[in-house]
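I have a structure here, written as structure tokens, and I will follow up with some questions on it.
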Amino acid sequence: MVDCMGFLADIGLVEAGRGQYAITEQGRAFAVLWSRDPARARLLLHPLLQAHWSATAVTRHLASGPLPQAKLAELLGSGLPGVRARGMYLVEWLVIGLVVERDEQLHVRLAATDASAPPKRSEADTAAEESVSEDSDASGTAGGDGSDDASGSSLLGMTFQEIKELPEDRYTAFLEGVLQILDSALAPTA
């Protein structure tokens, strides 16, 4: 996972093209459902995350049983470029996508194999979702003029290299800003 948009492209919520990102049909469906029915949105996300490398890795890491969330995040984040929190972001996405379940003691286990039922929501899930929807000072749109870095791509006026080099707290705020932009871009207009 080179950057947050790379991850979203890997799971099929956005697609890259000519220095810009465009939301896919699956991404649009997820964003619309998320605002109306998060349980159904999570069901839609499940097969996308099951196909991601992190699902295979988490299956291997949890084969012997549950792990503390922080330990799993450390294992998933090992070797990823950028900030240390990327492993935790993967855990959050895997919880949202019903690949794993987190209990009240923040231990993570593989989810039950039937992802057709609406997910159980723990206090930790609710807190994580609320933290993602909190206000952030990031704003702008995806895209660029092709001169920002070697790949010709930028996001919110930053090159991928600049994004990767952000301190952990600013990277977190940046990701929250991206989610807010997606939410507002897909919100019904009055």
Side-chain angles (χ1 to χ4, degrees), residues 1-16 21 23-24 26-35 37-62 66-103 106-112 115 118-134 136 138 142 155 163-164 166 168 171-183 186:
M1 177 168 72
V2 176
D3 63 280
C4 61
M5 293 305 285
F7 171 74
L8 294 176
D10 284 349
I11 63 172
L13 295 180
V14 299
E15 59 187 4
Y21 286 93
I23 193 162
T24 63
Q26 291 171 317
R28 183 174 309 283
F30 174 74
V32 169
L33 268 176
W34 186 257
S35 65
D37 187 352
R40 285 184 50 216
R42 294 173 79 183
L43 290 171
L44 184 138
L45 188 61
H46 179 74
L48 302 176
L49 281 168
Q50 277 295 113
H52 191 252
W53 68 263
S54 61
T56 303
V58 80
T59 299
R60 186 177 67 249
H61 293 312
L62 297 177
L67 286 174
Q69 174 178 277
K71 178 63 177 173
L72 181 59
E74 179 183 320
L75 290 168
L76 288 174
S78 178
L80 292 179
V83 297
R84 286 187 344 219
R86 287 193 168 166
M88 188 59 75
Y89 299 143
L90 281 173
V91 172
E92 292 299 327
W93 276 101
L94 292 168
V95 168
I96 292 168
L98 306 172
V99 175
V100 297
E101 298 172 341
R102 178 176 41 213
D103 65 22
L106 300 180
H107 286 87
V108 180
R109 66 186 43 77
L110 291 173
K120 297 176 189 170
R121 294 174 51 85
S122 71
E123 289 177 23
D125 292 336
T126 303
E129 289 168 9
E130 288 172 359
S131 73
V132 167
S133 65
E134 289 177 359
S136 171
L155 179 64
I163 294 167
K164 289 191 298 188
L166 286 173
E168 192 166 330
Y171 186 79
T172 300
F174 177 82
L175 289 179
E176 290 170 359
V178 169
L179 290 174
Q180 286 180 354
I181 291 166
L182 287 173
D183 281 343
L186 298 172

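Starting from 1, each residue takes its place in the sequence as its number.
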- Closest approach of M5 and V14, non-hydrogen atoms and distance?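 Between these two residues, the closest heavy atoms are O-CG2, 3.8 Å.
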- Task: Evaluate the criterion side-chain contact (heavy atoms from CB on, under 4.5 Å) for residue pair R42 and V95; output intermediate values, then yes/no.
- Result: CA-CA 9 Å; R42 294 173 79 183; V95 168; 3.9 Å; yes
- Any side-chain heavy-atom pair from E92 and R102 closer than 4.5 angstrom?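 Yes, at least one pair of side-chain atoms sits under 4.5 Å.
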- Could you state the interatomic distance from CG (L49) to CG (L90), rounded to the nearest 0.5 Å?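 Between atom CG of L49 and atom CG of L90 there are 9.0 Å.
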- Message: Can you list everything that forms a side-chain contact (heavy atoms from CB on, under 4.5 Å) with A29? Sequence neighbours excluded, please.
- Response: L44
- Note on the structure: Residues R109 and P66: closest non-hydrogen pair is NH2-CG, 3.7 Å
- Query: Can you check whether V99 reaches H52 side chain to side chain, under 4.5 Å on heavy atoms?
  - Reply: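 No, side chains not in contact.
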- Item | Listed partners of A51 passing side-chain contact (heavy atoms from CB on, under 4.5 Å), at least two apart |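 If we apply the side-chain contact (heavy atoms from CB on, under 4.5 Å) test to A51, skipping adjacent residues, there are no hits.
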- Query: Does H46 use its side chain to pair, donor to acceptor, with the backbone of G97 at less than 3.5 Å?
  - Reply: yes
- Search all heavy atoms of A41 against all heavy atoms of W34 and return the closest pair with its distance.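 Closest pair (atom of A41, atom of W34, distance): CB-N, 3.6 Å.
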- What salt bridge (Lys or Arg N to Asp or Glu O under 4.0 Å) pairs are there with at least one residue in residues 66-80, not counting sequence neighbours? K71-E74
- Query: Angle class for the W93/F30 ring planes (parallel below 30°, perpendicular above 60°, tilted otherwise)?
  - Reply: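 Aromatic pair W93/F30 classed tilted.
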- Query: Can you name the nearest heavy-atom pair linking P47 to L43, along with the distance?
  - Reply: CD-O, 3.3 Å
- Item | From L72, L110, L45, V100, residue fulfilling side-chain contact (heavy atoms from CB on, under 4.5 Å) relative to L94 | V100
- Quick one: closest heavy-atom pair of H61 and L76, and the distance?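 The answer is CD2-CD2, 4.1 Å.
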